[in-house]
Amino acid sequence: MEYLIAGARALLGLVFLVSLVGKVAGGAKDGGRGGAKDRARRGGKGGATRGGTRGDAFAAFLASVRSLRVVPPALVRPVALTVIAGEAAVCVLLAVPARGATTAGLLVAAALLTAFTVGIAAALRRGATAPCRCFGASSTPLGTPHLVRNAVLCALALAGALGAPTAADAPPGGGLVAGVAGLVAGALVTQLDHLLALFRPLPAPPRTAEPHAH
């Protein structure tokens with residue numbers, strides 16, 4: 001169990017860290033032409049300023065939450081801020097080498113992942129096809145793979161939270177191997193949308209009109 005917990009701390013810590021950075025400091029590639037003009041206007045000839053980039057990322061995250069239509073418009077911003085605060089708490093708690101902090105971090109992670117899963121499922125039932133901004137800008141629409149990903153991560157977080165209070169400390173060597181394996185798995189999780197895009201069917205080329213015989 002101690003190796004599972006070490007791997008879960010590394011995996012979930014990396015996943016939530018990348019998710020947090022993507023929401024507050026990542027680029028907003030899908031912001032459209034108007035967003036590009038705004039960024040250029042704020043950043044001058046040199047491009048977007050660092051503050052503008054942060055604003056673009058958060059604004060894009062707000063837009064993605066709004067497009068899912070799972071919370072009332074008036075609650076979009078509070079919900080987005082709560083998500084960011086929760087993800088930051090997970091990162092801090094899982095970085096602290098103490099059983100109580102680890103247990104709390106895994107429980108917060110499980111709660112967030114449960115909420116994400118419920119929200120995505122509700123959005124899919126309503127026919128939402130908005131891209132998932134789980135880890136920053138993306139063009140991959142929400143779908144079943146996102147539900148499966150969140151369910152697996154939630155199960156891992158719950159298993160770790162249940163075992164953390166009584167688990168023995170992992171030996172340094174074994175703990176290091178488990179942590180590295182968790183980081184590798186976490187990196188793959190954060191690249192899920194890019195991996196899905198590789199297998200997405202290419203759009204059919206436009207059909208050209210056949211010349212009429214005279």
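None of these values were measured; they are calculated from a predicted model.
Of all heavy-atom pairs spanning Gly179 and Ala10, the tightest one is O-CB, 3.2 Å. Contact between Ala80 and Phe61 at its shortest, heavy atoms only, is CB-CE2, 3.5 Å. In this structure, Ser64 and Ser67 approach most closely via the heavy-atom pair O-OG, 2.8 Å. Nearest heavy-atom pair across Ala121 and Leu147 is N-CD2, 3.7 Å. The two atoms that bring Val96 and Arg9 nearest to each other are O-NH2, 3.6 Å, heavy atoms only. Smallest separation of non-hydrogen atoms from Thr114 and Cys154: OG1-SG, 3.3 Å.
Neither Val18 nor Val92 shares a network with the other; the hydrophobic side chains, linked directly or stepwise wherever heavy atoms of I, L, V, M, F, W or Y lie under 4.5 Å apart, form separate groups for each. Ile84 and Val71 fall within the same hydrophobic cluster, where Ile, Leu, Val, Met, Phe, Trp and Tyr residues are linked whenever their side-chain heavy atoms come under 4.5 Å apart, directly or through other members. Leu112 and Val24 fall within a single hydrophobic cluster, where Ile, Leu, Val, Met, Phe, Trp and Tyr side chains are chained together by heavy-atom contacts under 4.5 Å. Placement of Leu156 and Leu107 in two distinct hydrophobic clusters is found when ILVMFWY residues are connected by side-chain heavy-atom separations under 4.5 Å, directly or transitively. When hydrophobic clusters are built by joining Ile, Leu, Val, Met, Phe, Trp and Tyr residues whose side-chain heavy atoms come closer than 4.5 Å, directly or via intermediates, Val152 is not grouped with Ile5.
Inter-residue side-chain proximity for Leu142 and Leu68 is flagged as met; some heavy-atom pair is nearer than 4.5 Å. Lys23 places a side-chain heavy atom less than 4.5 Å from the side chain of Val83. Contact of the Leu106 side chain with the Leu162 side chain is not registered, since no non-hydrogen atoms from C-beta on lie closer than 4.5 Å.
Counting only distance, with no hydrogens or angles, the side chain of Thr103 and the backbone of Arg99 share a donor-acceptor pair below 3.5 Å.
Rounding to the nearest 0.5 Å places CZ of Phe16 at 10.0 Å from CG of Leu11. Expressed to the nearest 0.5 Å, how far CD of Glu87 lies from CG of Leu12 amounts to 11.5 Å.
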